[in-house]
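Scroll down for the structure; my scribbles are underneath it.
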Amino acid sequence: MTYRFVDHTGDIAVELVAESERTLFAEAVRALCAILVDCEESSLETHTEHWVSLDAEDGESLLVDFLNELVFLFDSRRFLPMELHVHEFCVDGVARLRATVFGDRFDADRHRFLTEIKAATFHDLKIDRSSAGLKTTVVFDL
């Protein structure tokens, strides 16, 4: 399970690699947090949580909807997402995610803010599956 930032003109792109869909979504949470704040220079604690319940037409749509829900929570409630605990997950047929996201309330005294995110996008988004696992690149509009 990993994520890494890749070059993308004007926006931020993150390559996610994981062994399963569940871990791919967990890596996406970690990557989103790293876009918002400097994880190495911030005091991060997971004492806040939010319930997420989403349905979508496929795994790619579910991933974008999920990330945009987290962007909304950051913008509206200053919720900084860090960990994902999945309760129900399905990508066959109608994609579904029921999960608790653990994180922290953003505090400029403890967290070094990096950049604002407008949205996760569908730009060239495809979750590639192979015997080695899953891989995708998500582009965030800044």
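The figures here come from the full heavy-atom set of this structure, side chains too, leaving out hydrogens, waters and symmetry mates.
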Co-membership, hydrophobic cluster, residues Val64 and Val94, 4.5 Å side-chain: no
Taking every non-hydrogen atom, the tightest pair across Cys33 and Pro81: CB-O, 3.1 Å
By side chain to side chain contact (heavy atoms under 4.5 Å, CB included) - contacts of Asp58 (at least two apart): Glu60, Ser61
For Glu40, salt bridge (Lys or Arg N to Asp or Glu O under 4.0 Å) partners two or more places apart: none
Salt bridge (Lys or Arg N to Asp or Glu O under 4.0 Å) against Glu69, all qualifying residues, sequence neighbours excluded: none
Counterpart residues, side chain to side chain contact (heavy atoms under 4.5 Å, CB included), relative to Ser43 (two or more places apart): Glu45, Arg110
Within residues 87-102 or reaching into it, pairs that qualify as salt bridge (charged side-chain N to carboxylate O under 4.0 Å, His left out) - sequence neighbours excluded: Asp55-Arg96, Asp55-Arg98, Glu88-Arg96
Worked check of side chain to side chain contact (heavy atoms under 4.5 Å, CB included) between Leu80 and Val37: CA-CA 9 Å; Leu80 186 59; Val37 299; 3.9 Å; yes
Atom pair CZ/OG1 of Arg78 and Thr48 - distance to nearest 0.5 Å: 13.5 Å
Heavy-atom pair with the smallest gap, counting every atom of Leu63 and Ala28: CD1-CB, 4.0 Å
Non-neighbouring partners of Phe74 that pass ring pair (Phe, Tyr, Trp, His ring centres under 6.0 Å), sequence neighbours left out: Phe106
Val139 vs Val14 side-chain heavy atoms within contact, under 4.5 Å: no
Results of side chain to side chain contact (heavy atoms under 4.5 Å, CB included) for Ser76 - residues two or more places apart only: Phe72
With Phe66 via ring pair (Phe, Tyr, Trp, His ring centres under 6.0 Å) - residues at least two apart: Phe25
Backbone N/O of Ser20 and side chain of Thr23: donor-acceptor pair under 3.5 Å: yes
Close side-chain approach of His47 and Asp104, heavy atoms under 4.5 Å: yes
For Val86 against Arg22, the heavy-atom pair lying closest together: CG1-NH1, 3.4 Å
Side-chain heavy atoms of Ile127 within contact of Leu24, under 4.5 Å: yes
Ile35 side chain reached by Thr115 side chain, heavy atoms, under 4.5 Å: yes
Hydrophobic cluster identity match, Leu32 and Leu114, side-chain contacts under 4.5 Å: no
Min side-chain heavy-atom separation Val138-Leu67 under 4.5 Å: yes
Interatomic spacing from CG in Leu44 to CE in Met82 - rounded to 0.5 Å: 5.0 Å
Between NE2 on residue His123 and OG1 on residue Thr137, distance to nearest 0.5 Å: 10.0 Å
Ile117 side chain reached by Phe140 side chain, heavy atoms, under 4.5 Å: yes
Any donor-acceptor N/O pair, Asp141 side chain to Lys118 backbone, under 3.5 Å: no
Chi angles and distances behind the side chain to side chain contact (heavy atoms under 4.5 Å, CB included) call for Leu62, Phe89: CA-CA 10 Å; Leu62 186 63; Phe89 189 84; 4.1 Å; yes
Minimum heavy-atom distance between Leu134 and Glu21, given as atom pair plus value: CD1-N, 3.1 Å
Pairing residues for Asp124 by the side chain to side chain contact (heavy atoms under 4.5 Å, CB included) criterion, not counting sequence neighbours: none
ILVMFWY cluster, Leu54 and Phe102 together (side-chain gap under 4.5 Å): no
Pairwise side-chain contact, Glu27 with Val17, heavy-atom cut-off 4.5 Å (strictly under): no
Sub-4.5 Å side-chain heavy-atom contact between Asp75 and Val71: yes
Partners passing side chain to side chain donor-acceptor pair (under 3.5 Å) against Glu83 (at least two apart in sequence or in another chain): His85
Set of salt bridge (Lys or Arg N to Asp or Glu O under 4.0 Å) partners for Lys135, sequence neighbours left out: Glu15
Considering all heavy atoms, the nearest Lys126-Thr136 contact: O-OG1, 2.9 Å
Asp38: salt bridge (Lys or Arg N to Asp or Glu O under 4.0 Å) partners, not counting sequence neighbours: Arg112
